[in-house]
Amino acid sequence: MPIPVSKKPVRVRVAPSPTGDPHVGTAYIGLFNLAFARSHGGQFVLRVEDTDQKRSTRQSEEAIYRSLRWAGLQWDEGPDIGGAFGPYRQSERSDIYRTHVQLLLDSGDAYRCFCTAERLDHVREEQRARKETARYDGFCRHLDPHESDARAVNEPHVVRLKFPQGGETVVPDALRGGVVYDNGQIDDQVLMKTDGLPTYHLANVVDDHLMAITHVIRAEEWLNSTPKHLALYAAFGWDPPVFAHMPLLRNADKSKISKRKNPTSLEYYQRAGILPEALLNFLGLMGYSRKDEQGQDVEKFTLDEFISDLDLQRVSLGGPVFDLQKLDWLNGLYLRAMTPEALADRVVAFQREDGRHGQAAHLVQERVTSLGDYGDHAGAFFRGTLEYGLNARYFVVGATSRKKTAVRLTRAASRAFFEDCLAQLETVIDWQPAAIEAPLRAACDKAGVAIGDGLMAIRVAAMGRPAAPPLFESLQVLGRALTLARLRVVCGLLADPNFLQRSLADVEAELTAARAARQDPTPTPEASHA
RNA sequence: GACCCCAUCGUCUAACCAGGUUAGGACACCGGCCUUUCACGCCGUUAACGCGGGUUCAAAUCCCGCUGGGGUCACCA
């Protein structure tokens, strides 16, 4: 049973929320949408879902454009390039949603709800206490329309979908067949918030319809809310699109991919020197596989090849673990396939990106003794994660301090310190030295450690060794994505109760290796001259 | 907890839908070759159908149950 495609031109979309760093999951879903559109001669739309006023930012939106373009996922219509179905930024479509909510209010498919947040919390708490599924209890569902109209004039309220009671809803998922839900356990979803902006559910349905989206290819986390979306399509009298829910990318422990356990920011991969074509290739291997004429699995392929024989039905639904090792291998494959000249060009272009090359030179200038020395000092700016080896001992804050009186944190306290630094730095959007310095100093104070000791731990985490250019400037050049990723790695290392033992074992191993090297009888060329 | 999804080597997956394969490939790992070293490359080894019932001459494949993993249960998306 192939994916249903009607005579209408295929139109798909990717709809990120600009509330943080550009996510690798967006690229994953974007890739399959783009490829599906291309393989059917259709359009690929980028829609910005910025209805969460508190969390959405323009910086994040811009970063999403940059990262998606970098990855090679160019959209046919979007906020920045326009199109026949705009605007493509939901915050600019408020009137449309208001009109549509009114339609539902008039038809009785939605109702105003005046319940306070406190009451809702209370209800949920009681339900939890009774071990019931937490859901809205329908308190305002049967309010008299006249009373509702009157109260709406000066009382804050939301609008809820009057979800049909009784019976069941079957979600036709192109990858799974029909998924059956008991209507009795689906509650009346909020469609419009007190601030007058729509929730995802309303905006998504209205926009998908108005933008003539034919196929909704999105992450599996949306599967359970599809009955509500179907109810909305029915209430409006619209034909729903074809739904296909993709598996979620996973961490090594199989949980949904998260920044704590994996680099999830596309900027990380860009700045870590991953080629966009390799990243896309790798994502195309997640939950999917291609074969050659002989029927053998193919690991390396171009976007065009991926598009040429994409068959969504072949998507395997087990959640694929995002394996960085395989990404690295694939990236290496691409690098080796280039001519040396092309590689050289690529490297130069990469180092010049974001002005990193120039900035790095500025920072390491005082430290280099020769031109060739540069790479040794600046290398850490251009890598993803670092090998710490013996230097991991610096992560125990204060442990390496020369002062006898220095405060030395325990492993757990050091971890708390790193977590604190990380949490603070995550809120720093304008990545400037001063903005980076303040929270780090505060974290040192909070942990009760000397500034120098605390910053040394951060320095080694970020730069891989204790001898490095001034920290805040270094972090600036390193960039937000790489800095945060490295701190998260160290938090992970410190979470291991055996961290100290392990690093001591590493010390032992390295000393042994060094000793063996010294006793190596092989004469050096210099020695043979003597 | 309720509901929903999912289930092949450690990881990504093929074979499943249209039952009959020594269960194939890739990453990683281990070993070897190549090589002044490392890397690359090449060769090879180890490694999986979660468990239990059915259906069938025959089950990784179809059905049921269990177990396990995941997701969702927001005025976030």
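A quick note: this is a predicted structure, and the numbers were derived from the prediction, not measured. What you see below is based on every heavy atom in this structure, not just the backbone, and it leaves out hydrogens, waters and symmetry mates. Labels below follow one simple rule: chain letters A, B, ... track the order of the sequence lines, proteins then strands, and each chain is numbered from 1.
- rA28(B) and rU46(B) have their C1' atoms separated by 12 Å, given to the nearest Å.
- With distances taken from any side-chain atom of D297(A) to the nucleotides rC75(B), rU72(B), rG24(B), the minimum falls on rG24(B).
- Rounded to an integer number of Å, the gap from D173(A) CG to rC6(B) C1' is 12 Å.
- We find the CG-OG distance between L248(A) and S255(A) to be 10.0 Å, quoted to the nearest 0.5 Å.
- In the set rC75(B), rU13(B), rC6(B), the nucleotide with an atom closest to the side chain of T194(A) is rC75(B).
- Among the atoms of the strands shown, only primed sugar atoms or phosphate atoms (P, OP1, OP2) are found under 4.0 Å from some heavy atom of V180(A).
- In this structure, rU61(B) forms no base pair with any nucleotide, since neither Watson-Crick nor G-U wobble geometry is met with both distances under 3.5 Å.
- In this structure, L248(A) places its CG atom 15 Å from P of rA7(B), rounding to the nearest Å.
- With sequence neighbours excluded, no residue satisfies side-chain hydrogen bond (donor to acceptor under 3.5 Å, both in side chains) with H157(A).
- The residues D50(A) and R55(A) are annotated as not salt-bridged, no charged nitrogen and carboxylate oxygen being separated by less than 4.0 angstrom.
- Applying the side chain to side chain donor-acceptor pair (under 3.5 Å) test to residues at least two apart or on different chains, the pairs with a partner in residues 320-338 of chain A are N281(A)-Y334(A), E299(A)-K326(A).
- Residue side chain K291(A) does not reach the base of rA14(B) through any donor-acceptor N/O pair under 3.5 Å, judged by distance alone.
- When heavy atoms are screened at a 4.0 angstrom cut-off, T19(A) is found touching no nucleic acid atom at all.
- In this structure, D253(A) places its CG atom 17 Å from P of rG10(B), rounding to the nearest Å.
- Listed nucleotides: rC12(B), rU13(B), rG71(B). Nearest to the side chain of S289(A): rU13(B).
- With both ends at atom C1', the span from rG31(B) to rU45(B) equals 7 Å, rounded to whole Å.
- Rounded to whole angstrom, the span from the CD atom of Q313(A) across to the P atom of rA18(B) amounts to 13 Å.
- The C1' atoms of rU37(B) and rU21(B) are separated by 44 Å, rounded to the nearest whole Å.
- Nearer the 5' end of RNA chain B, as judged by each residue's closest nucleotide, is the contact made by D323(A), out of H157(A) and D323(A).
- Base pairing of rC16(B): no nucleotide in any strand meets the Watson-Crick or G-U wobble criterion (both distances under 3.5 Å).
- Using a 4.0 Å heavy-atom criterion, one finds that V321(A) contacts the sugar-phosphate atoms exclusively.
- Residue R124(A) places at least one side-chain N or O under 4.0 Å from the OP1 or OP2 atom of rA74(B).
- In this model, no side-chain donor or acceptor of R135(A) finds a partner on the base of rC73(B) within 3.5 Å.
- Nearest nucleotide to the side chain of L317(A), out of rC6(B), rC12(B), rC75(B): rC6(B).
- Closest of all the heavy-atom pairs between C113(A) and R160(A) is SG-NE, 3.3 Å.
- Contact annotation for E299(A): base contact, defined as any heavy-atom pair under 4.0 Å involving a base atom.
- Between rG19(B) and rA59(B), the distance separating the two P atoms is 13 Å to the nearest Å.
- With respect to D188(A), the side-chain hydrogen bond (donor to acceptor under 3.5 Å, both in side chains) criterion is satisfied by exactly one of K162(A), K228(A), R141(A), R135(A): R141(A).
- In this model, a donor atom of one side chain and an acceptor atom of the other lie less than 3.5 Å apart for R112(A) and S148(A).
- Of the P atoms belonging to rU56(B) and rC51(B), the separation is 23 Å, rounded to the nearest Å.
- Looking at the side chain of D52(A), the nearest of the listed nucleotides rA77(B), rG71(B), rG41(B) is rA77(B).
- Nucleotide rC66(B) is matched to rG50(B) when pairs are restricted to Watson-Crick or G-U wobble geometry with both distances under 3.5 angstrom.
- Residue Y334(A) contributes atom OH, which lies 18 Å from atom C1' of rC40(B) at whole-angstrom precision.
- Distance from the side chain of Q185(A) is smallest for rC3(B) among the nucleotides rC40(B), rG71(B), rC3(B).
- Spacing between rC30(B) and rC66(B) at atom C1', rounded to whole Å, works out to 37 Å.
- Nucleotide rA39(B) has no partner under the Watson-Crick or G-U criteria, as no pair reaches both atom distances under 3.5 Å.
- Distance, D188(A) CG to rC73(B) P: 16 Å, rounded to whole Å.
- With respect to E126(A) and R124(A), no salt bridge is recorded, no charged nitrogen being found less than 4.0 Å from a carboxylate O.
- For Q296(A), taking side-chain heavy atoms from C-beta onward, the closest of the listed nucleotides rC75(B), rG24(B), rC4(B) is rG24(B).
- The base-pairing partner of rA26(B), taking Watson-Crick or G-U wobble contacts with both distances under 3.5 Å, is rU11(B).
- Counting only heavy atoms from C-beta on, K254(A) has its side chain closest to rU11(B) among rC6(B), rU11(B), rU72(B).
- Checking the phosphate oxygens (OP1, OP2) of rA74(B), no side-chain nitrogen or oxygen of K193(A) falls inside 4.0 Å.
- The CG-P distance, from D292(A) to rA14(B), rounds to 15 Å in whole Å.
- Residue contacts shown for F282(A) are absent, as no nucleic acid heavy atom lies under 4.0 Å away.
- One C1' atom belongs to rC34(B), the other to rC16(B), and the distance between them is 42 Å to the nearest Å.
- A salt bridge between R66(A) and E267(A) is present, with a side-chain N of the basic residue lying under 4.0 Å from a carboxylate O of the acidic one.
- Side chain of W222(A), nearest nucleotide from rC75(B), rA77(B), rC3(B): rA77(B).
- If you check every strand for non-hydrogen atoms under 4.0 Å, M286(A) touches sugar and phosphate atoms only.
- Residue R119(A) contributes atom CZ, which lies 14 Å from atom C1' of rC75(B) at whole-angstrom precision.
- The separation of rC9(B) from rC5(B), taken at their P atoms, amounts to 22 Å, rounded to a whole angstrom.
- Nucleotide rU56(B) is matched to nothing when pairs are restricted to Watson-Crick or G-U wobble geometry with both distances under 3.5 angstrom.
- Nearest to the side-chain atoms of T199(A) among the listed nucleotides rC4(B), rA77(B), rC6(B) stands rA77(B).
- Where T51(A) and L285(A) meet RNA chain B, the nucleotide closest to each residue was compared, and L285(A) sits on the side nearer the 5' end.
- Contacts of R314(A) with the nucleic acid, taken as non-hydrogen atoms under 4.0 Å apart, involve only primed sugar atoms and P, OP1 or OP2.
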